[in-house]
Amino acid sequence: MDRLDKTKRMNALIDLYAQLLTPKQRDILALYYEEDFSLAEIAECLAITRAAVNDHLKRSEKLLEDYEKKLRLLALQAQRNEIYGKIKALGYQEVIPYIEALEQTEIQEDTMTKIISVNAGSSSLKFQLFDMPQEQVLTSGNVERIGLSDGIFTIKVNGEKITKTLDIKDHSQAVQLLLEALVEHKIVANLDEIKGVGHRVVQGGDRYDQSCVIDDAVEQVIVECFDLAPLHNPAGLVGYRAFKEALPAAGHVAVFDTAFHQTMKPESYLYPLPMKWYRDYKIRRYGMHGTSHQYVSKRCAELMQKDPKDLKIITCHLGNGASISAVDGGKCINTSMGFTPLAGIMMGTRSGDIDPAIVLYMMKKTGMSIDEMDHALNKESGMLGISELSSDARDIEKACEEGHEGAILATDLYVNRIINVVGGYYAQLGGMDALVFAGGIGENDHKIRRLVCEKLESAFGIQIDKELNAKCRGIEQKLSTDDSRAEVWLIPTNEELVIARDAYRLLGF
């Protein structure tokens with residue numbers, strides 16, 4: 001193949017598969033094949049060696065050819081064009097309209113792409129399959145108790161939940177079970193219809209401020225962040241590898257919980273600790289629930305019919321795990337979770353922020369090990385620890401109605417921690433246009449919403465329609481009255497949709 005033919009082929013392959021490459025690979029290919037830069041010029045432009053440029057170029061070309069070998073999009077395109085050309089050349093005028101109709105059908109089919117959003121836990125796998133860009137949910141479900149003989153697989157088919165209990169030894173089997181069910185229930189005709197997989201990854205460190213196509217470098221960062229999210233990142237990586245093996249032709253995208261919070265400034269993300277801890281060990285505030293805060297803040301702006309750039313919004317993702325974020329002009333400027341999900345407000349079983357000396361004091365007093373202290377702070381504290389009853393907000397709410405003192409105290413403490421953070425963010429933002437409730441508690445517990453807003457009423461002029469609030473569960477609804485100084489919204493979060501959108505966008509469909 002001469003240089004001209006190779007250039008034409010590479011440009012065609014780049015058009016089809018560029019989004020599956022890393023940004024650096026895309027840049028080098030564009031400079032070499034589109035801008036006609038020499039290796040030396042690219043090396044100077046990117047401040048790397050000529051040998052490094054050549055190495056990147058060869059590997060990128062091989063990747064493009066590998067994708068074409070698996071997907072054959074360029075070959076099929078050429079084959080279709082040849083067939084259509086031959087038929088049109090026959091000159092049968094009555095055939096031409098049918099050919100054009102077929103071509104139009106292909107265009108319509110190309111605009112419908114199935115993307116699956118995946119959230120892998122240590123012993124679970126949640127999923128939603130979307131038809132994009134229509135954002136239609138085709139099915140959803142989860143696999144629970146992976147690794148046990150009584151694993152549970154649930155999938156929704158035509159609005160009905162189908163559940164099986166069986167031995168599910170690992171995530172690979174869970175993925176296979178899911179994919180087989182998609183075909184068995186005719187949700188897809190075959191697995192080739194699934195063009196992309198979006199993977200929720202809890203911790204991306206400070207390397208990524210947005211989602212990205214997974215390659216070896218991204219995979220390595222996920223591994224490097226194991227210590228920062230020991231329960232979540234390993235599970236996410238196992239889920240990715242299982243899907244990659246089962247769907248080798250699909251593109252894979254990592255959607256990081258931490259990405260949305262990377263717009264915080266040092267005064268918000270640094271701790272007042274020795275700076276060498278940050279330099280050497282990356283001790284800093286990372287935040288979590290980024291996809292949720294991103295979704296509800298953007299959706300709030302849409303519902304208010306305003307540009308996100310013009311709004312100051314405080315988003316409260318309240319669930320068994322909970323966090324609050326300050327969003328200014330569509331960008332996060334602060335968030336309550338910190339180096340780990342343990343920080344911030346009180347949660348179902350997590351303590352949230354405490355005096356760090358308590359840890360040292362109690363370990364000395366009781367002889368607790370590091371693992372025992374970790375368990376106490378993450379699994380025995382929060383609502384469970386204070387109420388001595390339950391970590392489930394529904395149990396707490398019911399117990400409050402029955403006068404249970406521990407449940408009442410847990411509720412009061414929870415609300416107090418929320419308003420402390422909201423009040424601080426109000427000051428940091430310099431005001432607030434909207435307060436948003438999301439997450440399992442935020443969406444369904446009208447009492448918590450009411451108590452929070454009542455506490456904020458005298459200081460910030462927050463007013464809600466209490467009768468309307470009491471009726472609302474899990475629906476989009478403006479709760480504030482017309483004389484409220486800031487709008488209050490209930491907005492169910494949709495992290496799976498954020499994942500699907502990012503996968504669809506980054507894979508270039």
Side-chain angles (χ1 to χ4, degrees), residues 6-35 56-57 59-81 103-118 128-136 138 188 190-201 204 208-219 221 240 243-244 246-256 259 291 294 298 496-509:
K6 182 178 180 180
T7 298
K8 289 180 178 178
R9 179 174 176 79
M10 282 298 150
N11 281 326
L13 292 176
I14 290 168
D15 288 341
L16 290 168
Y17 304 116
Q19 293 301 320
L20 299 178
L21 303 175
T22 67
K24 179 172 282 189
Q25 288 169 337
R26 291 198 296 269
D27 288 345
I28 290 175
L29 285 169
L31 289 171
Y32 189 74
Y33 283 108
E34 296 175 20
E35 303 296 336
H56 276 291
L57 191 62
R59 282 190 290 168
S60 301
E61 290 171 349
K62 184 178 184 302
L63 278 173
L64 290 174
E65 292 292 355
D66 287 345
Y67 286 132
E68 172 60 15
K69 185 177 180 181
K70 291 175 182 177
L71 301 177
R72 299 188 66 249
L73 297 182
L74 185 60
L76 291 171
Q77 187 181 81
Q79 186 178 356
R80 283 196 302 270
N81 290 340
E103 290 173 338
Q104 186 62 35
T105 300
E106 286 182 0
I107 292 172
Q108 292 174 354
E109 287 177 349
D110 286 344
T111 64
M112 298 176 65
T113 304
K114 291 180 176 61
I115 303 287
I116 189 165
S117 292
V118 178
Q128 281 194 26
L129 181 66
F130 290 86
D131 218 346
M132 300 295 287
Q134 295 86 348
E135 299 183 354
Q136 177 187 1
L138 301 177
V188 298
N190 58 72
L191 296 180
D192 290 338
E193 290 185 23
I194 302 175
K195 303 299 184 183
V197 186
H199 301 267
R200 179 205 179 201
V201 181
Y208 298 104
D209 61 0
Q210 60 182 328
S211 305
C212 59
V213 176
I214 303 177
D215 60 11
D216 291 344
V218 174
E219 192 171 341
V221 171
Y240 158 65
F243 270 98
K244 184 181 179 183
L247 299 172
H252 297 265
V253 169
V255 181
F256 298 99
T291 50
Q294 176 186 348
K298 182 179 180 181
E496 290 80 9
L497 180 56
V498 174
I499 294 171
R501 284 173 174 172
D502 279 4
Y504 181 79
R505 172 177 58 85
L506 288 169
L507 293 173
F509 296 117

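The figures here come from the full heavy-atom set of this structure, side chains too, leaving out hydrogens, waters and symmetry mates.
- Residues satisfying the salt bridge (charged side-chain N to carboxylate O under 4.0 Å, His left out) criterion with Lys62, sequence neighbours excluded, are Asp66.
- Inter-residue side-chain proximity for Val213 and Val218 is flagged as unmet; no heavy-atom pair is nearer than 4.5 Å.
- The side-chain heavy atoms of His199 and Ile214, taken from C-beta on, include a pair separated by under 4.5 Å.
- With sequence neighbours excluded, no residue satisfies salt bridge (charged side-chain N to carboxylate O under 4.0 Å, His left out) with Asp209.
- Once rounded to the nearest 0.5 Å, the distance linking CE of Met132 with CG of Leu507 reads 11.0 Å.
- Not counting sequence neighbours, the partners of Lys195 by the side chain to side chain contact (heavy atoms under 4.5 Å, CB included) test are Thr113, Phe509.
- Residues satisfying the side chain to side chain donor-acceptor pair (under 3.5 Å) test with Tyr33, not counting sequence neighbours, are Glu61.
- Put simply, the side chain of Leu64 reaches to within 4.5 Å of the side chain of Met10, judged on heavy atoms.
- Side-chain atoms of Leu247 and Leu191, non-hydrogen and from C-beta on, do get closer than 4.5 Å to each other.
- Separating the CG atom in Asp502 from the CG atom in Leu497 is a distance of 9.5 Å, to the nearest 0.5 Å.
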Kindly determine whether Val188 and Leu129 satisfy side-chain contact (heavy atoms from CB on, under 4.5 Å), including the steps that lead there. CA-CA 10 Å; Val188 298; Leu129 181 66; 4.0 Å; yes
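- Here Tyr240 and His252 bring their ring centres to under 6.0 angstrom of each other.
- The number of heavy atoms from other shown groups lying within 6.0 Å of CG (Asn190) is above 12.
- Glu496 is linked by a side chain to side chain contact (heavy atoms under 4.5 Å, CB included) to Ser117, Gln128, Phe130, Asn494, counting only residues two or more places apart in sequence or in another chain.
- Residues passing the side chain to side chain donor-acceptor pair (under 3.5 Å) test with Ser60, sequence neighbours excluded: none.
- Taking Gln136 as the reference, nothing meets the side chain to side chain donor-acceptor pair (under 3.5 Å) condition, with sequence neighbours excluded.
- For the salt bridge (charged side-chain N to carboxylate O under 4.0 Å, His left out) test, residues two or more places apart in sequence or in another chain that qualify with Arg59 are Asp55.
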What verdict does the side-chain contact (heavy atoms from CB on, under 4.5 Å) test give for Cys212 and Val253, after you've listed the backbone C-alpha separation in whole Å, the side-chain angles of each residue and the deciding distance to 0.1 Å? CA-CA 6 Å; Cys212 59; Val253 169; over 6 Å; no
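- Residues forming a side chain to side chain contact (heavy atoms under 4.5 Å, CB included) with Leu74 (at least two apart in sequence, or on another chain): Arg9, Ala12, Leu13, Leu16, Glu68, Gln77.
- In this structure the side chain of Val201 never reaches within 4.5 angstrom of the side chain of Val255, judged on heavy atoms.
- Between Ile14 atom CD1 and Leu29 atom CG the span is 4.5 Å, to the nearest 0.5 Å.
- Counting heavy atoms from C-beta on, the side chains of Thr291 and Arg200 never come closer than 4.5 Å.
- Taking the side chain to side chain contact (heavy atoms under 4.5 Å, CB included) definition, one finds that Ala259 meets it with Phe256, sequence neighbours left out.
- Considering OH of Tyr504 and CD of Glu135, their distance stands at 10.0 Å, rounded to 0.5 Å.
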